[in-house]
Amino acid sequence: MKNRQLLENIIHGIFFVLGMVTVGSVLLITVYLIISGLPAIKEIGLKEFLLGKTWASTASEPKYGILPFILTSIYGTAGAIVLGVPIGFFTAVYLSKMAPPKVKAVMQEAVSLLAGIPSVVYGLVGMIVLVPGIRELFNVPDGASLLCAIIVLAIMILPSIIKVSITALDAVPKEYEDASLALGATPIETYFRVSVPAAKSGIATAVVLGVGRAIGEAMAVMMVSGNAPNMPSLFQSVRFLTTAVASEMGYSSGLQRQALFSIALVLFVFILMINGALNFFLKGGKENNK
Amino acid sequence: MKGDISGRRRAYALAMKALMGISVILTASLVAFLLIYVLAKGFPHITWQLLSTKPSYLSDTVGILPDILNTVYVIIAALVFVLPLGVGAAVYLTEYASNKKVVELIEYAAETLSGIPSIIYGLVGMLFFCEFLGFQTSLLAGSLTLVIMNLPTVMRTAQESLKTVPQSYREGAFGLGAGKWRVIRTVVLPNCIDGVVTGCILSIGRILGESAALLFTAGFAHELNNIVEGLSHAGATLTVALYFYAKEEGEFEIAFAIAAILMILTVLINLLAAFAGKYFKRKNNI
């Protein structure tokens with residue numbers, strides 16, 4: 001009997017450890033990013049690092065200012081949201097409320113496919129289709145630009161926005177809509193003035209997820225944005241926080257390498273803020289449902 | 001009836017309908033375009049020689065067999081680690097954990113993990129697995145990085161299916177005198193197989209599409225190895241190879257051939273996931 005109790009305790013312990021692996025991983029990532037990211041910030045100076053406008057890591061007198069990357073990431077994400085959210089939102093309302101079941105099923109599969117396409121494939125198609133397209137359409141010397149990255153990112157965040165919004169819209173109680181229809185509202189008015197407000201925390205979650213995905217994307221953006229550390233401008237070659245890390249990691253050393261870790265730390269802080277916002281909206285949704 | 005509705009309201013309805021129509025058509029044609037374009041551009045370049053050889057400077061040919069094998073190795077290695085970890089964590093959460101704070105902590109950690117961009121995984125994976133643990137740039141280091149990345153997915157799907165195991169099964173087993181571990185082993189785990197399968201499919205899809213996390217952990221090499229050698233050597237997976245051929249070499253024909261292969265695999269995995277979902281739903285309803 002005693003042996004059996006011991007065995008149970010050991011197994012309980014093993015499962016506890018397995019459960020704690022996720023917590024350990026988060027700690028590992030946080031600690032590693034802080035330890036490897038702080039030295040460069042200390043050496044360069046926080047203000048200089050965050051607000052410096054020039055990044056010249058390989059110059060004889062290197063400069064490590066990441067303001068261009070921060071702004072590019074913010075503008076790029078904002079642009080992708082402005083383009084992607086309306087399209088995703090209206091698609092989601094149609095699919096959730098108006099589409100015949102067959103259309104809904106097929107479109108949901110199509111959206112899942114969009115979510116599953118590897119980011120390098122988006123980058124490749126962007127490189128071959130969008131970059132020359134932008135060059136010719138706007139008559140600029142190089143199409144690899146912030147605009148190109150924004151379009152690719154907008155497409156890449158579409159699936160998360162559509163999927164999460166549909167889930168939220170599907171969960172709106174039918175009684176709300178029936179009541180609105182009975183009061184004389186047209187179906188369209190009901191969908192947009194009753195169902196959408198009722199699902200607003202879910203839709204907000206969808207947007208925040210989109211922000212997270214856009215700000216964290218590296219490979220597709222690297223292939224279409226040109227990668228020059230310019231201050232952001234729609235038709236200029238730009239570098240994001242993610243691509244700044246990826247493009248120099250291969251050959252960096254010394255302070256330059258440490259500065260790349262610091263960039264990753266800044267990106268991580270952004271992601272944590274987005275996660276905070278996400279939790280806020282998720283909690284808001286739960287309280288609304290009570 | 002129509003006469004009752006004012007012109008403004010009718011215009012509003014029309015405008016919203018138009019916006020929805022445009023958005024849906026845009027989304028649908030985007031998917032169709034991507035699918036057709038990539039397949040049309042890549043399919044003609046998928047040849048037996050491409051699929052069955054490694055790149056050779058002597059004959060100036062490119063083959064992607066090593067990249068295909070590397071992808072398979074990475075998927076196998078990552079699944080071997082992530083399945084026990086993810087399922088174990090789910091079992092702890094649903095069967096053992098009695099402290100609400102601990103459950104919240106673990107779930108919060110999983111949420112945080114699923115929000116971290118892959119480039120950060122790549123960086124930390126490089127620092128921890130390649131440098132600190134001394135694995136060098138190798139497929140094993142890449143696989144372990146992917147394990148952390150996919151942990152939340154597997155944990156969540158396993159958790160979902162553990163929740164569907166009826167409480168009465170557990171009570172029945174306890175009533176017959178079984179200990180906790182025995183109940184888990186004989187009653188709970190066999191019933192969560194659908195969650196494990198779904199988690200597997202989702203993870204394979206994610207690993208197949210991952211590139212940023214592998215760039216600095218698994219490297220670029222295109223050498224033919226068996227799985228044991230392969231895991232300890234650097235190697236490019238299909239996505240990394242695509243990036244390499246498109247961006248560094250400008251070999252767009254090969255890049256599109258790989259893209260077409262990835263596209264077909266993505267479609268297959270999506271179909272498989274949909275099929276598995278339907279199958280398990282039907283099974284659970286009986």
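Residue numbering restarts at 1 for every chain, and letters A, B, ... go by the order of the sequence lines.
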Would a 4.5 Å heavy-atom cut-off, applied to side chains only, mark [X] and [Y] as touching?
| X | Y | value |
| --- | --- | --- |
| Asn279(A) | Glu111(B) | yes |
| Ile128(A) | Phe252(B) | yes |
| Ser211(B) | Ser119(A) | yes |
| Tyr92(B) | Met20(A) | no |
| Lys247(B) | Asn227(A) | yes |
| Leu123(B) | Met249(A) | yes |
| Phe90(A) | Met16(B) | yes |

Point to revise | Mutual orientation of the aromatic rings belonging to Tyr12(B) and Phe192(A) [parallel < 30°, tilted 30-60°, perpendicular > 60°] | key: perpendicular
Exercise for review: Look at the rings of Phe15(A) and Trp181(B) and say which category their plane angle falls in: under 30° parallel, 30 to 60° tilted, over 60° perpendicular.
Suggested key: tilted
Check your understanding: Sequence neighbours excluded, which residues qualify as side-chain hydrogen bond (donor to acceptor under 3.5 Å, both in side chains) partners of Glu251(B)?
Key -> none
Revision key, fill the gap. Counting heavy-atom pairs under 4.5 angstrom with chain A, the leader among Leu85(B), Ile120(B), Ile269(B) is Ile120(B)
Check your understanding: Between Ile148(B), Leu151(B), Leu127(B), which shows the greatest number of heavy-atom pairs under 4.5 Å with chain A?
Key -> Leu127(B)
Check your understanding: Near Phe275(B) CZ, under 6.0 Å, is it more than 12 heavy atoms from other residues, nucleotides or ligands?
Key -> no
Exercise for review: Given side chain to side chain contact (heavy atoms under 4.5 Å, CB included), test Ile11(A) with Tyr96(B) step by step and report yes or no.
Suggested key: CA-CA 10 Å; Ile11(A) 286 167; Tyr96(B) 281 104; 3.5 Å; yes
Check your understanding: Where do Leu272(A) and Thr112(B) land on the side chain to side chain contact (heavy atoms under 4.5 Å, CB included) test, with the steps shown first?
Key -> CA-CA 8 Å; Leu272(A) 288 183; Thr112(B) 310; 4.1 Å; yes
Under a 4.5 Å heavy-atom cut-off, does chain A meet the side chain of [X], its backbone, both or neither?
| X | result |
| --- | --- |
| Pro152(B) | neither |
| Leu35(B) | side chain |
| Val102(B) | side chain |
| Leu26(B) | side chain |

Practice item. Could you tell me which of Thr242(A), Ile29(A), Leu124(A) has the largest number of non-hydrogen atom pairs under 4.5 Å with chain B? Key: Leu124(A)
Check your understanding: Between Glu109(A) and Lys278(B), is the closest basic N to carboxylate O distance under 4.0 Å?
Key -> no
Point to revise | Flag, side chain of Glu8(A) to backbone of Lys180(B), donor-acceptor distance under 3.5 Å | key: yes
